[in-house]
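Count residues from 1 along the sequence.
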Amino acid sequence: MRLPMIVDEKFAARTARELVPAARVPDTDELDELVAGLKDNALTAQELVVDSFLLDPAHADDVRTRLGAGSVLVLDQIGWIKANAQSLNGMVDVDSLPAPVGPGAAKAAAVELAGVLSLLSTRVLGQFDPFAVSTGRLMFVAPAVLIAEEAMNVNPRDFRMWVALHEATHQVQFATAPWLREHMRSLLSQVVATPLKAPGIRGLADVFSTVGKIVKGDASMVDLIQDEGMRSALDEASAILSLLEGHADVVMDEVGIEVIPSVRKLRRKFEARRDAGQGGFLSNLLGMNLKLAQYRDGAAFVRAIRKEVGQTGFSVIYDSPENLPKSEEIHTPSLWLDRVHG
């Protein structure tokens, strides 16, 4: 039986067709090569990332099994928008909402969501989605990859492998910590549900409309934060995203140096692109606007922890929700070390 939807997925895709900016459409041979190459890169990256986690053999086998159950998708912009509508429906626990979402409200939310995602559809290169299906899926946005590598004038082979390493790290993070999916789902359901209880907010369409203004720079998170509970949830989500993104940055550079000749050039050019506001999907959608400094904070946290306790000591961060860093610990890693390692 189909579970209740907070966003009408088909209507979101239909609306997006009118909103998404035109992107260069590669010829058939180029497209086939791009799709096959990204999928092959993803599989190679998964294995490289698992090795970098230094898991014990039994745990590594479990992780590889979970990775094998997932899927790798190469999408156009419309497909990516529909996929993220599906992800939101899997992400948000409808029981946490203050009122049921009817078909009309789901369509209204779809219109606003399509507007937000159309703004991001040429910026987001790849994404690991743990929510739409329990096995997770790794997604790449083919037009965005082409736009980015042409704009930055980088080697396509190197760039695509580098992007795959980053997204595969997220996939391995969730495969290493199967509890992380439900932990994030609970947290993000709270973030979405809280504004719906605020005066003047008539439904999810209003929430997504405000998020769209935040993504465009016409509003701030203050417009959504209505109580201390949501502020706390956002702080926790921000700390987790900083960890996950910072860890992915560390892995993509450390592993990349072995397999990608131009990795240092890619890092320089990509940091400039990211600092211009082209970050990860979830951080953009939540209006957190994770700029380069916050990615660097996450990476600095990972490096500081590993310097003190090594990769094995760092890996306990994925053992349980209690071991995830708090916002203040991201900025002061010694606080996490004292709390978790004593």
Side-chain angles (χ1 to χ4, degrees), residues 2-23 75-124 127 129 131-132 139 141 144 185 187-227 230 233-234 237 241 277-290:
R2 177 63 170 165
L3 295 175
M5 294 190 298
I6 66 168
V7 177
D8 187 317
E9 299 161 5
K10 292 182 179 178
F11 203 72
R14 192 180 311 157
T15 303
R17 293 184 192 280
E18 306 298 322
L19 300 174
V20 168
L75 306 168
D76 62 11
Q77 293 149 292
I78 306 300
W80 177 77
I81 289 172
K82 183 177 181 180
N84 276 289
Q86 295 169 348
S87 182
L88 279 168
N89 284 328
M91 177 195 304
V92 178
D93 180 0
V94 294
D95 293 333
S96 69
L97 303 181
V101 179
K107 278 186 168 60
V111 171
E112 296 296 343
L113 178 66
V116 176
L117 295 177
S118 68
L119 294 172
L120 303 176
S121 63
T122 57
R123 304 181 197 176
V124 176
Q127 170 192 351
D129 168 25
F131 300 114
M139 303 187 292
V141 189
R185 185 170 181 264
L187 187 64
L188 295 171
S189 290
Q190 182 182 350
V191 170
V192 171
T194 302
L196 293 174
K197 304 169 187 175
I201 298 292
R202 296 184 299 276
L204 282 164
D206 279 0
V207 175
F208 289 134
S209 176
T210 303
V211 171
K213 293 175 184 176
I214 293 168
V215 171
K216 289 186 287 186
D218 297 333
S220 71
M221 279 307 296
V222 174
D223 298 288
L224 270 184
I225 296 175
Q226 302 295 333
D227 67 9
M230 184 177 180
L234 280 169
L241 287 172
Q278 304 187 57
F281 160 71
L282 193 56
S283 57
N284 273 304
L285 186 61
L286 290 176
M288 290 177 184
N289 201 19
L290 285 182

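Note on residues 75-90: no pairs pass salt bridge (Lys or Arg N to Asp or Glu O under 4.0 Å), not counting sequence neighbours. Evaluation of the salt bridge (Lys or Arg N to Asp or Glu O under 4.0 Å) test over residues 11-21, restricted to residues two or more places apart or in two chains, returns none. Here salt bridge (Lys or Arg N to Asp or Glu O under 4.0 Å) pairs that include residues 88-99, with residues two or more places apart or in two chains, number zero. Applying the salt bridge (Lys or Arg N to Asp or Glu O under 4.0 Å) test to residues at least two apart or on different chains, the pairs with a partner in residues 99-117 are Asp8-Lys107.
Remark: the backbone N or O of Asn84 is not paired with any side-chain donor or acceptor of Ser87 at under 3.5 angstrom. With hydrogens and angles ignored, the 3.5 Å screen pairs no side-chain donor or acceptor of Ser209 with any backbone N or O of Ala205.
The distance from the CG atom of Leu19 to the CD1 atom of Ile81 is 7.5 Å, given to the nearest 0.5 Å. The structure places OG of Ser189 at 10.0 Å from CG of Leu88, a figure rounded to the nearest 0.5 Å.
When every heavy atom of Val92 is checked against every heavy atom of Arg185, the shortest pair comes out as O-NH2, 4.0 Å.
Applying the side chain to side chain contact (heavy atoms under 4.5 Å, CB included) rule to Ala85 yields the partners Val7, Glu9, Ala12, Leu113; only residues at least two apart in sequence or on another chain are considered. Partners of Ala83 according to the side chain to side chain contact (heavy atoms under 4.5 Å, CB included) rule, which considers only residues two or more places apart in sequence or in another chain, are Leu75, Gln86, Arg137, Met139. Applying the side chain to side chain contact (heavy atoms under 4.5 Å, CB included) test to Val111 and every residue at least two apart in sequence or in another chain returns Phe11, Thr15.
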What's the verdict on side chain to side chain contact (heavy atoms under 4.5 Å, CB included) for Gln77 and Thr122, showing C-alpha distance, side-chain angles and the deciding distance? CA-CA 7 Å; Gln77 293 149 292; Thr122 57; 3.1 Å; yes

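For the pair Ile78/Val20, a side-chain contact is recorded, criterion being any heavy-atom separation below 4.5 Å from C-beta on. Looking at Val94 and Ile6, their side chains come closer than 4.5 Å, going by heavy atoms from C-beta outward.
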